[in-house]
Amino acid sequence: MKYDVTVVSKGIALGKAYVYKPFVPDVTETIVDDANVEAELAIFDKALASAEVELNNLVDMVMKKDPDKAMIFEAHKAILKDDDICTDIKDSISGMKYSAEWAIMFVYNQNIEILSAVDDPLIKERVADLYDVRNRMLRCAKGLEEVTLASLKEQVVVVADDLFPSDTVVMDKEKVLGIITEKGGVTSHSAIIARGYGIPAVFGAKDPLNTIAMGQSVIVDAIEGAYILDPTAEETAEYTKKKDNFDNYYAETQKYLTKPAVTKDGVHIDIDINIGAPSDEALEPAAYTDGIGLIRSEFLYMDSGDKLPDEETQFQAYKKAIEAFGGKPVTLRTMDIGGDKQLPCLPLPKEDNPFLGKRALRLCLDRIDIFKTQLRAALRASAYGNLWIMFPMVGSIDDIRAGKAVVDEVKAELDSENIEYNKDVKIGIMVEVPSIGLMSDIAAQESDFCSIGSNDLIQYTTATDRINPEVTKYYQSYSPAVLRLIRFIVKNYNAAGKSACICGELGGDTLATAVLVGFGMRKLSMSASNIAGVKKLIANITIEEAEKLADEVCNMPTSDEVEARLKEFANAHGII
Ligand code: PEP
Ligand code: MG
């Protein structure tokens, strides 16, 4: 049976489904008979033993890859075996006749409540751990196996309702052949990660958790936008061939990966990469790219488990990225938490419209302590190369000034401590809110550079939630309105002699490349997996052709018409 879905990361995958259903506890107050107390105590003991075995296995497995993450699970072991908690649970079973599950829930919740009320961020951070251990215990008490993407036993197609950045960060990517989700979106952060890893991925599946079984055979067609359950032998043969064709096209395109991006008429376009945390693997493209156009620094925070990364940890990470790129520009975006990115260690009040709420720079300006720690680390690292600092979610000139004022304060502190940093470090902005795009002539005077965050710029210009599948058709990546706005921004920054880059997904989209170059953009930043395709397209076009195409599509009435024209153009220039 074949189902239509939306492609978020191209490719074909054939394999067995791994239905990812994270455990959600559902426990109500239950009092047992005297006769059952012993049995409930035994359930608790068994759950404790199973949870400990799981945590030991996790520590062993993660320790080799990521010792810091292993420490989180060590901390969980300590909570699990905490004498007070264990005694309270047993007393609740023996004395109050609570069922084992209810006793676990009750005692953990009491502790969670107490810690949540303490006005100390470090103590509050333990709350996330308590939730985690509580849920592990409740699942073990039910005798259910752990479902996690961190420890897949074989290569699978992951089927999920939604994947959060916290899921994909721990995901064992070697084992993931493809991804099918219900929720998400082309520019959701898990989609960006899937593309970064080159994993074929689709979203928009209808109720996949209840319609796809664990171990069921599935084909993911992340070219046409479909998945097939229990494929026939003919379908398997057909898609194995399609996969080979795609893999061949991919291999041919990869030949462009390490070449410079130069148009047919000799104009060089800077190709930068977007990265999360600066791991060795993420920094590999240093040799064949012109810089880092975007460090999504919040990934460092998401990776840091139950506590915020301290200044030294951040300094080392930023310095590592800067040094890997020699004198090439390295653009550090300050923390962009909020929207679909949450931190276990920084619980935030629930908002009705998180994408319109206290996100990114807004949050940083409210939590100056966190912001300053990051800026101190960044400025210290700036002494080691060519660092550019960039603020996300800038909506007004006030925001630019407020962000720069904090940078100045931090600079003054470093001066007074005689700590070295680059006094001329560039300060720029993401243009992802239309209001600052429309002010880009003045913004270009008040900032050293800009980078267009097309993922959010499309979201905010078209008033469409970027991760809500119900409104996907309104999230128009090739909206002529958005293109006109981008043209306006590039024109203003170019006129001011300041760099205008793009680091949203459009920056790595081969359908958009020629248009962006046609607007006058000379720097594009993208996930590593997009570099080869974009370089290939650039090698096949002239500036004149690009300018003509850019004019043409800005005068088209609809996104669909623009997209059709861009597909035609890209196909004629070697891209499928
Ligand atoms: C963007 O909005 O285009 C962008 C690059 O930022 P993020 O996707 O991290 O929100
Ligand atoms: Mg953004």
Side-chain angles (χ1 to χ4, degrees), residues 8-9 163-166 168-169 184-196 272-277 282 291-303 331-343 353-364 388-395 399 403 428-437 440 449-468 475-479 482-483 485-486 489-490 500-509 512 516 521 523-530 534:
V8 293
S9 174
L163 290 179
F164 292 98
S166 52
T168 36
V169 158
V186 177
T187 58
S188 68
H189 289 93
S190 48
I192 293 168
I193 292 175
R195 268 196 296 280
D272 282 17
I273 49 162
N274 294 348
I275 65 166
I292 301 182
L294 172 66
I295 299 183
R296 283 190 165 90
S297 67
E298 59 278 2
F299 277 76
L300 216 67
Y301 293 71
M302 289 196 262
D303 272 353
T331 314
L332 175 74
R333 176 174 78 183
T334 55
M335 186 182 83
D336 183 358
I337 288 298
D340 67 339
K341 285 176 284 192
Q342 299 295 328
L343 293 179
N353 294 298
F355 274 117
L356 300 179
K358 202 187 275 181
R359 182 189 162 188
L361 183 64
R362 295 173 182 178
L363 179 62
C364 285
W388 298 16
I389 296 175
M390 175 164 78
F391 304 136
M393 238 342 238
V394 168
D399 287 347
I429 60 167
M430 301 266 312
V431 180
E432 48 190 350
V433 180
S435 53
I436 198 69
S440 49
F449 66 94
C450 83
S451 187
I452 295 172
S454 53
N455 306 337
D456 280 313
L457 190 64
I458 297 167
Q459 158 165 270
Y460 296 129
T461 307
T462 63
T464 312
D465 185 340
R466 66 194 257 193
I467 58 170
N468 179 352
Y475 186 91
Q476 300 184 330
S477 297
Y478 310 104
S479 152
V482 175
L483 294 177
L485 188 48
I486 294 177
I489 298 159
V490 177
C501 176
I502 180 164
C503 59
E505 291 304 292
L506 268 191
D509 178 352
L516 297 168
M521 208 172 243
K523 173 161 154 167
L524 309 171
S525 191
M526 63 203 68
S527 309
S529 59
N530 292 327
V534 168

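When a ligand or atom number is given, it counts from 1 through the structure's own listing order. The figures that follow rest on heavy atoms only: side chains count, while hydrogens, waters and symmetry mates do not.
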Query raised in the report: Of the backbone atoms (N, CA, C, O) and the side-chain heavy atoms from C-beta on, which set of R359 has a member under 4.0 Å from an atom of ligand 1: side chain, backbone, both, or neither?
Result: side chain
Report task. Please work out whether any backbone atom (N, CA, C, O) or any side-chain heavy atom from C-beta onward of E505 is under 4.0 Å from ligand 1, and answer side chain, backbone, both or neither. Result -> neither
Query raised in the report: Just how far is it from atom CD1 of I458 to atom CG of L483, taken to the nearest 0.5 Å?
Result: 8.5 Å
Query raised in the report: By salt bridge (Lys or Arg N to Asp or Glu O under 4.0 Å), which residues pair with E432, not counting sequence neighbours?
Result: none
Requested in this report: Could you list which atoms of ligand 1 come closer than 4.0 Å to a heavy atom of N455?
Outcome: 1 (C), 2 (O), 3 (O), 4 (C), 5 (C), 8 (O)
Query - Point-to-point distance, once rounded to the nearest 0.5 Å, from CD1 of I275 to CZ of R333 - result: 12.0 Å
Requested in this report: Could you name the option among E432, M430, R466 that has the heavy atom nearest to atom 10 (O) of ligand 1?
Outcome: R466
Query raised in the report: Roughly how far, to the nearest 0.5 Å, is CD of Q459 from CG of D465?
Result: 5.5 Å
Query raised in the report: Got a salt bridge between D456 and R466, using NZ or NE/NH1/NH2 to carboxylate O under 4.0 Å?
Result: yes
Report task. Test D336 against every option in R359, K358, R362 by the salt bridge (charged side-chain N to carboxylate O under 4.0 Å, His left out) rule and name the one that passes. Result -> R359
Query raised in the report: Got a sec, which residues hit salt bridge (Lys or Arg N to Asp or Glu O under 4.0 Å) with D272, two or more places apart in sequence or on another chain?
Result: K523
Report task. Could you list which atoms of ligand 1 come closer than 4.0 Å to a heavy atom of G453? Result -> 1 (C), 2 (O), 3 (O)
Report task. Below 4.0 angstrom from a heavy atom of C503, which ligand 1 atoms are there? Numbered from 1 as shown, please. Result -> 5 (C)
**Report entry** Within-cut-off N or O pair, R296 and ligand 1, under 3.5 Å
**Finding:** yes
Query raised in the report: Relative to the heavy atoms of K341, which atoms of ligand 1 are at a distance of less than 4.0 Å?
Result: 9 (O)
Query - Where the Mg ion (ligand 2) is the vertex, angle from E432 OE1 to D456 OD2 to 10° - result: 100°
Report task. Would you mind finding which of V433, L294, D456, D340 brings a heavy atom closest to atom 2 (O) of ligand 1? Result -> D456
